[in-house]
Amino acid sequence: MRAYYERRAAEYDDWWLGTGLLANRHRPGWHEEAAALTRTLEALPRARTLDVACGTGFLTQHLPGEITGLDQSASMLELARAKVPDGRFLQADALELAFADNAFERLFTSFFYGHLEEDDRVTFLSEASRVAGELIVVDSALHAEVEPVEWQERVLNDGSRWQVYKRFFEPDRLAEELGGRVLFAGRWFVAVQA
Ligand SMILES: C[S@@+](CC[C@H](N)C(=O)[O-])C[C@H]1O[C@@H](n2cnc3c(N)ncnc32)[C@H](O)[C@@H]1O
């Protein structure tokens with residue numbers, strides 16, 4: 001997953017924007033829903049926030065409060081720094097957070113949790129609850145064209161092919177899994193606050 005995302009960084013926002021190789025993907029209501037998700041995040045109370053696996057910073061830029069972004073990919077971080085000039089960004093491993101207990105008020109993560117297999121999921125949740133009192137997970141909603149758990153083949157602009165583990169979530173099930181409440185439930189996106 002790490003090598004794949006480092007390689008994908010320059011074309012990553014095509015997924016959000018529906019451009020490049022994703023220009024022809026049929027995703028009715030995608031942009032409107034992304035805007036609604038963004039507004040939900042902007043309406044959160046300000047908090048000292050760690051955005052784990054922040055990627056290009058596409059959602060990071062909408063998080064209220066003092067922001068630290070973390071990702072393993074140097075190329076992703078370069079793009080995130082440009083989007084969030086006031087943020088602090090660190091290249092590090094999401095599963096071994098080098099922060100003191102309760103160093104943050106909120107830990108945010110988007111489209112990362114659903115890539116974690118069981119053992120890594122347990123490690124991540126334990127680290128998340130150690131460094132912050134609040135957890136917000138944004139991820140992909142389960143819908144008719146996908147299975148709850150998939151090994152997907154992904155193709156990049158350079159033609160390289162990658163196998164990626166990916167889960168899709170029903171909002172209530174994710175809330176139950178995380179011990180939290182549903183913050184956003186759409187056709188494409190879910191968000192849970194725990
Ligand atoms: C699907 S992207 C999500 C990016 C961003 N959060 C978003 O919402 O667009 C997954 C991100 O996880 C990062 N990542 C994968 N494994 C990681 C790890 N072990 N530690 C830190 N970041 C990791 C990748 O580099 C990539 O930027």
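Indexing begins at 1, ligand by ligand and atom by atom, following the structure's order. If you're wondering where the values come from, they're calculated on a predicted model, not measured in any experiment. Only this structure's heavy atoms are used, side chains among them; waters, hydrogens and symmetry mates stay out.
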Proximal atoms of ligand 1 relative to Arg2 (non-hydrogen, under 4.0 Å): 19 (N)

Which ligand 1 atoms, with their elements, are less than 4.0 angstrom from a heavy-atom of Ser73? 25 (O)

Which residue and atom name correspond to the protein heavy atom nearest atom 8 (O) of ligand 1, and how close is it? Ser110 OG, 2.6 Å

Among Gln91, Glu6, Arg7, side chain to side chain donor-acceptor pair (under 3.5 Å) partner for Ser73: Glu6

Does any N or O of ligand 1 fall below 3.5 Å from an N or O anywhere on His115, backbone included? no

Can we call the ring centroids of Tyr5 and His115 under 6.0 Å apart? yes

List the closest protein heavy-atom neighbour of atom 25 (O) of ligand 1: residue, atom name, distance to the nearest 0.1 Å. Asp71 OD1, 2.6 Å

Salt bridge (Lys or Arg N to Asp or Glu O under 4.0 Å) with Asp139: of Arg121, Lys166, Arg167, only one passes, and it is Lys166

Heavy-atom proximity to atom 3 (C) of ligand 1 ranks first, among Phe112, Tyr12, Phe108, Trp16, for Tyr12

Report yes or no: does Trp15 have a heavy atom closer than 4.0 Å to ligand 1? no

Check the angle between the aromatic planes of His143 and Trp188 and answer parallel, tilted or perpendicular using the 30° and 60° thresholds. perpendicular

Could you tell me which atoms of ligand 1, counted from 1 in the order shown, lie closer than 4.0 angstrom to a heavy atom of Met1? 15 (C), 16 (N)

Measuring from atom 12 (O) of ligand 1, which candidate in Ala53, Ala94, Ala74, Gly114 has the nearest non-hydrogen atom? Ala53

Has the side chain of Trp30 got a donor or acceptor atom that lies under 3.5 Å from a matching backbone atom of Trp16? yes

Element-labelled atoms of ligand 1 that are located less than 4.0 Å from some non-hydrogen atom of Ala92: 20 (N), 21 (C)

Atom indices of ligand 1, in the order listed, that fall short of 4.0 Å to a heavy atom of Met76: 27 (O)

Just checking Phe99 against Phe104, ring centres under 6.0 Å apart? yes

If we ignore hydrogens and angles and just use 3.5 Å, is the side chain of Glu150 paired with the main-chain N or O of Glu147 as donor and acceptor? yes

Given Gln72, Glu96, Arg7, identify the one with the heavy atom nearest to atom 21 (C) of ligand 1. Gln72

Check for a donor-acceptor pair, side chain of Gln72 on one end and backbone N or O of Asp93 on the other, with a separation under 3.5 Å. no

Atom 19 (N) of ligand 1: which protein heavy atom is closest, and how many Å away? Asp93 OD1, 3.1 Å

Strictly distance-based, threshold 3.5 Å: is any side-chain N or O of Glu134 a donor or acceptor partner for the main-chain N or O of Leu107? no

